[in-house]
2 protein chains.
Amino acid sequence: MQENKKPLILVTNDDGYDAKGIKCLIEVARKYGKVVVVAPEIGRSGMAHAITMKKTLTYTLLEQSEDYQLYSCSGTPADCVKIARFQILKQEPDFLFSGINHGSNSSINVVYSGTMGAAFEGAIAGIPSVGFSLLSHNPDADFSEAQKYISQIIEKVIRYGLQPKTALNVNFPKVSEKPYNGIKICHQTKGYWREEYVETSDPWDRKYYWLTGFYTNQEPENIETDEWALANNYVSIVPVHVDLTHYESINELKKQGYEA
Amino acid sequence: MQENKKPLILVTNDDGYDAKGIKCLIEVARKYGKVVVVAPEIGRSGMAHAITMKKTLTYTLLEQSEDYQLYSCSGTPADCVKIARFQILKQEPDFLFSGINHGSNSSINVVYSGTMGAAFEGAIAGIPSVGFSLLSHNPDADFSEAQKYISQIIEKVIRYGLQPKTALNVNFPKVSEKPYNGIKICHQTKGYWREEYVETSDPWDRKYYWLTGFYTNQEPENIETDEWALANNYVSIVPVHVDLTHYESINELKKQGYEA
């Protein structure tokens, strides 16, 4: 980022460019710099870090004004980040903000999340990147309180940057009568989904299956987890990174003779 | 796993059920237990940990014999694991093996990989899971030497299990005149892709873009990385896990006043 120049901010999401959540994020981000939005043309929830390798991509400029451009893209959230950097902007954004997702990306949801897939893509590139999500799937969810916290978080990220190859996974509780209790820095809660497939048939009696499931929290009492923070009306921030190595296993595997 | 019973082994991949790589993996896996294959009906490379949320899934039994079943599924590799566990098998497999992928999943490729998305899905569920990949995209690649190492690795995993929430990311060098030099336990190489979009047009002059790129290794000299091992004709094993928290950042973010 050059001195005295407005930061260049890339915004994306996984619910599509016209979701309410991304509009609320754009509104905040525009206070801090020049904003270029490159977001999926349709909802791409659950796309994780998927990229489009065997098909072509397209993108379309939809809106343009001073310090603002909005593009839709036919790809995944990670595709949006790549095509923004290497084809549309042809320069590196100073910051990347993804969301606000309609739905939780806390605990194990982070690994399935297209919102966070985009943030990880930024982290790999060395761009300070943050994914924002709110615990409501309502297309008209109330993001007003989240917006205040997003301002605070963006100001911190602009001031301090982030560690290399890391991003922030920020989740907001669903809005209730009470304002949020503040922010907690957390670790990712251990948990998993127990799935239940709902069977349905077409008119020729062929079977089709819908994915549904129930989340299980494997550490419900741990106050340092994101699930605990959210259940207690705190905004959770988990610093996440893209080195997936489980370092503790390295010596153990060597002792077990894998290299022999 | 019950005593004296053959282990139940789930096999999947991201290149599709009829790729040569998965056939070579099935051949090895069948020596160690009852094998159920649930693999994508078409190639799903680059799908990472994506799941199908807004569309239905289908699956088809294609082949059945003693201690062996082969299903294709319309979903992603992670969908294949979920639908196998909760709909087809309705019980937990004892082990999950994914691959053999036609192409590298070393370094940062691990985050984009459907092969590894399936292995992570097993790790979340507590199933000892391994993803296998070979550094060649040739549909008729030579997997014969890889198969010998897969036997060794499967025997170790059956004997010792793996740490909770971890999986192994195993990559094999492309076959040359020389046999592999052995196995190295490694960490994930720091690296990234610098993309180049190739522009093409349809007959009405609309633009389309193909993703292409060049990998950059950010630690080429580090002998503990998977890229180093592979470049030196070793099989690389990186233990990987699904807790994406960057623990080193937690105190730093607290000091920077994010919680204030």
Side-chain angles (χ1 to χ4, degrees), chain A residues 43 45-54 56-58 82-83 86-87 108 110-112 117 120 124-125 153 156 160 163 165-166 182-185 187-188 190 192 195-197 200 207-211 237-250 252-254 256-259, chain B residues 43 45-54 56-58 82-83 86-87 108 110-112 117 120 124-125 153 156 160 163 165-166 182-185 187-188 190 192 195-197 200 207-211 237-250 252-254 256-259:
Chain A
S45 296
M47 287 308 286
H49 208 128
I51 52 173
T52 303
M53 295 169 70
K54 306 275 172 87
T56 54
L57 292 174
T58 59
K82 284 183 184 288
I83 209 163
F86 296 109
Q87 178 63 32
I108 198 62
V110 67
V111 306
Y112 304 108
F120 285 122
I124 292 168
I153 292 165
K156 292 283 185 202
Y160 295 111
Q163 285 289 309
K165 307 279 181 182
T166 72
I183 293 177
K184 290 282 182 195
I185 308 294
H187 71 251
Q188 177 187 323
K190 282 188 184 61
Y192 59 86
E195 313 299 354
E196 283 192 11
Y197 284 89
T200 175
K207 306 276 181 247
Y208 293 83
Y209 298 88
W210 291 101
L211 176 65
I237 302 184
V238 178
V240 287
H241 66 152
V242 294
D243 179 0
L244 308 184
T245 311
H246 188 248
Y247 286 91
E248 301 88 319
S249 287
I250 287 180
E252 199 175 318
L253 294 172
K254 286 182 180 176
Q256 290 167 357
Y258 276 85
E259 290 186 340
Chain B
S45 295
M47 287 308 286
H49 208 130
I51 52 173
T52 303
M53 296 169 70
K54 306 274 171 85
T56 53
L57 292 174
T58 58
K82 284 185 185 286
I83 210 162
F86 295 109
Q87 178 63 33
I108 197 61
V110 67
V111 307
Y112 304 107
F120 286 123
I124 293 168
I153 293 165
K156 292 283 184 202
Y160 295 112
Q163 285 290 309
K165 307 279 180 182
T166 72
I183 293 177
K184 290 283 182 194
I185 307 294
H187 71 252
Q188 178 187 321
K190 283 188 183 60
Y192 60 85
E195 313 299 356
E196 282 192 10
Y197 284 89
T200 174
K207 306 275 181 248
Y208 293 82
Y209 298 89
W210 291 101
L211 176 66
I237 301 184
V238 178
V240 288
H241 66 150
V242 294
D243 179 0
L244 307 183
T245 310
H246 188 247
Y247 286 92
E248 300 87 323
S249 286
I250 287 180
E252 198 175 319
L253 295 172
K254 286 182 181 176
Q256 290 167 356
Y258 275 84
E259 290 185 343

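Excluded from the calculations below are hydrogen atoms, water molecules and symmetry mates; all remaining heavy atoms, backbone and side chain alike, are included. Numbered from 1 within each chain, the chains take letters A, B, ... in sequence-line order.
By the side chain to side chain donor-acceptor pair (under 3.5 Å) test, B:Thr245 pairs with B:Asp243, sequence neighbours left out. The side chain to side chain donor-acceptor pair (under 3.5 Å) test applied to B:Ser249 returns B:His246, not counting sequence neighbours.
Heavy-atom distances place both the backbone and the side chain of B:Ile124 under 4.5 Å from chain A. Heavy atoms of B:Ile108 lying under 4.5 Å from chain A belong exclusively to its side chain. B:Ser45 touches chain A through backbone and side chain together, each having a heavy atom under 4.5 Å away.
The most heavy-atom pairs under 4.5 Å with chain B, out of A:Lys54, A:Gln188, A:Lys207, come from A:Gln188. Chain A forms the most heavy-atom pairs under 4.5 Å with one residue out of B:Tyr247, B:Tyr258, B:Phe120, B:Tyr192, and that residue is B:Tyr258. In terms of non-hydrogen atom pairs under 4.5 Å with chain A, the most contact-rich of B:Ile185, B:Val238, B:Leu253, B:Val242 is B:Ile185. Of the listed residues B:Gly43, B:Pro239, B:Ala50, B:Gly117, the one with more heavy-atom pairs under 4.5 angstrom with chain A than any other is B:Pro239. Ranked by heavy-atom pairs under 4.5 Å with chain B, the first of A:Glu195, A:Met53, A:Lys254, A:Glu252 is A:Glu195. Interface check for chain A: of the options B:Gly182, B:Gly257, B:Ala125, the most heavy-atom pairs under 4.5 Å are formed by B:Gly257. Most heavy-atom pairs under 4.5 Å with chain A, from the set B:Leu57, B:Thr52, B:Ile153: that is B:Leu57. Between chain B and the options A:His187, A:Glu196, A:Glu259, the largest number of non-hydrogen pairs under 4.5 Å is found for A:Glu259. Counting heavy-atom pairs under 4.5 Å between each of A:Lys184, A:Lys165, A:Gln256 and chain B puts A:Gln256 at the top. Between chain A and the options B:Val110, B:Thr200, B:Ile237, B:Thr58, the largest number of non-hydrogen pairs under 4.5 Å is found for B:Thr58.
Under the 4.5 Å side-chain criterion, counting only non-hydrogen atoms from C-beta, A:Gln163 is not in contact with B:Glu248. Here the side chains of B:Thr56 and A:Trp210 are in contact, with some heavy-atom distance below 4.5 Å.
We find the OH-OH distance between B:Tyr197 and B:Tyr209 to be 11.0 Å, quoted to the nearest 0.5 Å.
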